[in-house]
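Report on the following structure.
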Number of protein chains: 2
Amino acid sequence: MLSSREEIVETIRKSGHRATSQRIVVYEALWKAGSHPNVSEIHKYASKSDPTISLATVYKNLQLFSEIGLVREMGFRDGSMRYDPDVDFHINLVCNKCGRIEDFDCISLEEIAPNLIQKVGFEVQSHNFEVRGICSRCRS
Amino acid sequence: MLSSREEIVETIRKSGHRATSQRIVVYEALWKAGSHPNVSEIHKYASKSDPTISLATVYKNLQLFSEIGLVREMGFRDGSMRYDPDVDFHINLVCNKCGRIEDFDCISLEEIAPNLIQKVGFEVQSHNFEVRGICSRCRS
DNA sequence: TCATTATCAATAATCATTATTATTTAAGTT
DNA sequence: AACTTAAATAATAATGATTATTGATAATGA
């Protein structure tokens, strides 16, 4: 997580984009909105800081953040996209009953599939590792 | 892959559902439609066997197949759902440029995250392991 | 056969996302 | 500090995938 406003501004600038107030608001909302939020949840939180921020702006900036590696997109069963600000490799345990998503740390992608670039010529940019089932709460 | 019509019929019946001619057509179309097709591609192929089959029927039956483990759903960036009839654990290498999806066999989920059920009480039902980047064709 | 119930086709409705357009603004330049 | 201009924004219309609805049809069990 980029903690200070200056860090966020710098990261966005470095990527060749403008550090607008809306972008900072969206990035902060991403963390406030809880675990793996979807766009409307992020928009809800962003609206608290900037009541006039448009939904389209939230969409666009989440896309930008995804491109510059600040967030990870997770395509979802219900047709909505969710966003995970933790871009490190891990498993998302998704409960099929309650929909809750739990992070689970595991061995690295390099250990699971070593040398993808040399073996099959595939250059890794991002990853999304979902395991679906029933969580502990729903089982008990 | 369930190769014979009898095998398909039996699998659907065992799950407590009717083995209608439309279901068999959809299941067969799933394989004919090539690698990781989306719903409209599957519908296109199903229509060749049954010209009156409805898009909604294809949707419903793919959902059913997913529930009974005959197919794996893959939520996608473009908002459409894709279907992978290979339900064994593997990595889907998705190219961000051309959209092509390549399968990559790797070590098992049990080796990556042993005893999920004992460790965190999570009961695994299905999985979707996506690694995105640039494929060999697009890099050269 | 008849009754029951799942499934079906057709299409309308929904909802997430993207495109459009006129306006505003960040950030470099003078 | 004012000027310039491409980039970003707000508001909203358009798109497109998916789901809901409804009346018809067909499988299954009594």
Side-chain angles (χ1 to χ4, degrees), chain A residues 5-6 8-27 29 33 36-44 46-68 70-71 73-83 99, chain B residues 5-6 8-27 29 33 36-44 46-68 70-71 73-83 99:
Chain A
R5 206 162 281 232
E6 288 73 36
I8 303 166
V9 169
E10 199 195 357
T11 308
I12 296 173
R13 287 240 177 93
K14 257 189 203 152
S15 74
H17 298 272
R18 291 188 190 165
T20 61
S21 62
Q22 288 89 342
R23 290 200 169 136
I24 294 160
V25 163
V26 170
Y27 186 79
H36 310 82
N38 62 22
V39 177
S40 74
E41 287 163 342
I42 296 165
H43 181 244
K44 202 174 69 189
S47 298
K48 289 182 185 175
S49 309
D50 176 355
T52 73
I53 197 167
S54 151
L55 185 58
T57 300
V58 176
Y59 269 102
K60 273 201 168 175
N61 287 330
L62 285 170
Q63 233 168 275
L64 174 69
F65 290 167
S66 169
E67 281 165 27
I68 67 180
L70 277 181
V71 75
E73 292 183 322
M74 301 173 62
F76 237 66
R77 178 71 208 80
D78 66 355
S80 81
M81 190 66 75
R82 301 215 185 179
Y83 291 86
Chain B
R5 205 163 282 231
E6 288 74 36
I8 303 166
V9 169
E10 198 195 357
T11 307
I12 296 173
R13 286 245 173 89
K14 256 189 203 151
S15 75
H17 295 89
R18 293 187 189 164
T20 62
S21 61
Q22 287 89 345
R23 291 205 167 130
I24 294 162
V25 164
V26 170
Y27 186 79
H36 309 83
N38 62 24
V39 177
S40 74
E41 286 163 343
I42 296 166
H43 180 245
K44 201 174 69 189
S47 298
K48 289 182 186 174
S49 307
D50 176 355
T52 73
I53 198 166
S54 148
L55 187 58
T57 300
V58 176
Y59 268 103
K60 275 199 168 175
N61 288 327
L62 286 170
Q63 233 169 275
L64 173 70
F65 290 166
S66 168
E67 283 164 25
I68 67 179
L70 276 182
V71 75
E73 292 183 322
M74 303 174 61
F76 237 65
R77 177 74 208 77
D78 66 355
S80 81
M81 191 66 76
R82 301 217 184 176
Y83 291 85

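Every chain is numbered from 1, with letters handed out A, B, ... down the list of sequences.
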**Prompt:** With a non-hydrogen cut-off below 4.0 angstrom, is N61(B) in contact with a base, only sugar-phosphate, or nothing?
**Reply:** sugar-phosphate
**Prompt:** Hey, does Y83(B) have a side-chain heavy atom less than 4.5 Å from the side chain of E73(B)?
**Reply:** yes
**Value in whole Å for how far the C1' atom of dA27(D) lies from CD1 of I24(B)** = 13 Å
**Request:** Would you please confirm or rule out a distance under 4.0 Å between OP1 or OP2 of dT19(D) and any side-chain N or O of Q63(B)?
**Result:** yes
**Prompt:** In whole Å, what is the span from the CD atom of E41(A) to the P atom of dA16(C)?
**Reply:** 11 Å
**Message:** Suppose we screen for salt bridge (Lys or Arg N to Asp or Glu O under 4.0 Å). Which residues come up paired with E41(A), at least two apart in sequence or across chains?
**Reply:** none
**Prompt:** Using a cut-off of 4.0 Å on non-hydrogen atoms, how would the nucleic acid contact of K60(A) be classed: base, sugar-phosphate, or nothing?
**Reply:** base
**Asked** Residues two or more places apart in sequence or in another chain: which of them pass salt bridge (Lys or Arg N to Asp or Glu O under 4.0 Å) with E67(B)?
**Response** none
**Asked** Between atom CD in E67(B) and atom P in dT7(C), what is the gap in whole Å?
**Response** 11 Å
**Asked** Roughly, in whole Å, what's the span from CG in L55(B) to P in dA13(C)?
**Response** 18 Å
**Message:** Among V58(B), V71(B), D50(B), T20(B), exactly one meets side-chain contact (heavy atoms from CB on, under 4.5 Å) together with V26(B). Which residue is that?
**Reply:** V58(B)
**Prompt:** Just how far, in rounded Å, is C1' of dC8(C) from CG of L64(B)?
**Reply:** 14 Å
**Prompt:** Ignoring hydrogens and geometry, is there a side-chain-to-backbone donor-acceptor pair from H43(B) to Y59(B) under 3.5 Å?
**Reply:** no
**Item:** Nearest-Å distance for atom pair CE/P, residues M81(B) and dG16(D)
**Value:** 19 Å
When you compare the protein's N or O atoms with those of nucleotides 5-7 of chain D, which come within less than 3.5 Å of each other, and at what distance?
residue: dA6(D); atom: N3; partner: R18(A); partner atom: NH2; Å: 2.8
residue: dA7(D); atom: O4'; partner: R18(A); partner atom: NH2; Å: 3.0
residue: dA7(D); atom: N3; partner: R18(A); partner atom: NH1; Å: 3.1

**Prompt:** Out of curiosity, R23(A) CZ to L64(A) CG, how far, rounded to the nearest 0.5 Å?
**Reply:** 5.0 Å
**Message:** Under 3.5 Å for both donor-acceptor distances, Watson-Crick or wobble: does dA30(D) have a partner, and if so which one?
**Reply:** dT1(C)
**Asked** Below 4.5 Å, heavy atoms only, C-beta onward: do N61(A) and Y27(A) meet side chain to side chain?
**Response** no
**Item:** Side-chain N,O (S80(A)) to OP1/OP2 (dA16(C)) below 4.0 Å
**Value:** no
**Item:** H43(B) NE2 - dG16(D) P separation (whole Å)
**Value:** 17 Å
**Item:** S54(B), nearest nucleotide to its side chain (from dA10(C), dA10(D), dT17(C))
**Value:** dA10(C)
**Message:** What I'd like to find out is whether the side chain of M81(A) reaches to under 4.5 Å of the side chain of L62(A), using heavy atoms alone.
**Reply:** no
**Request:** Please check the phosphate of dC8(C) (OP1 and OP2 only) for any side-chain N or O of T20(B) closer than 4.0 Å.
**Result:** yes
**Prompt:** In whole angstrom, what separates I12(B)'s CD1 from dA6(C)'s P?
**Reply:** 17 Å
**Request:** With heavy atoms under 4.0 Å as the rule, sort A56(A) into base, sugar-phosphate or nothing.
**Result:** base
**Asked** Checking all strands, does S40(A) fall into the base, sugar-phosphate, or nothing category for heavy-atom contacts under 4.0 angstrom?
**Response** nothing
**Request:** Please tell me which of the listed nucleotides, dT19(D), dC8(C), dT17(C), lies nearest to the side chain of Y59(A)?
**Result:** dT17(C)
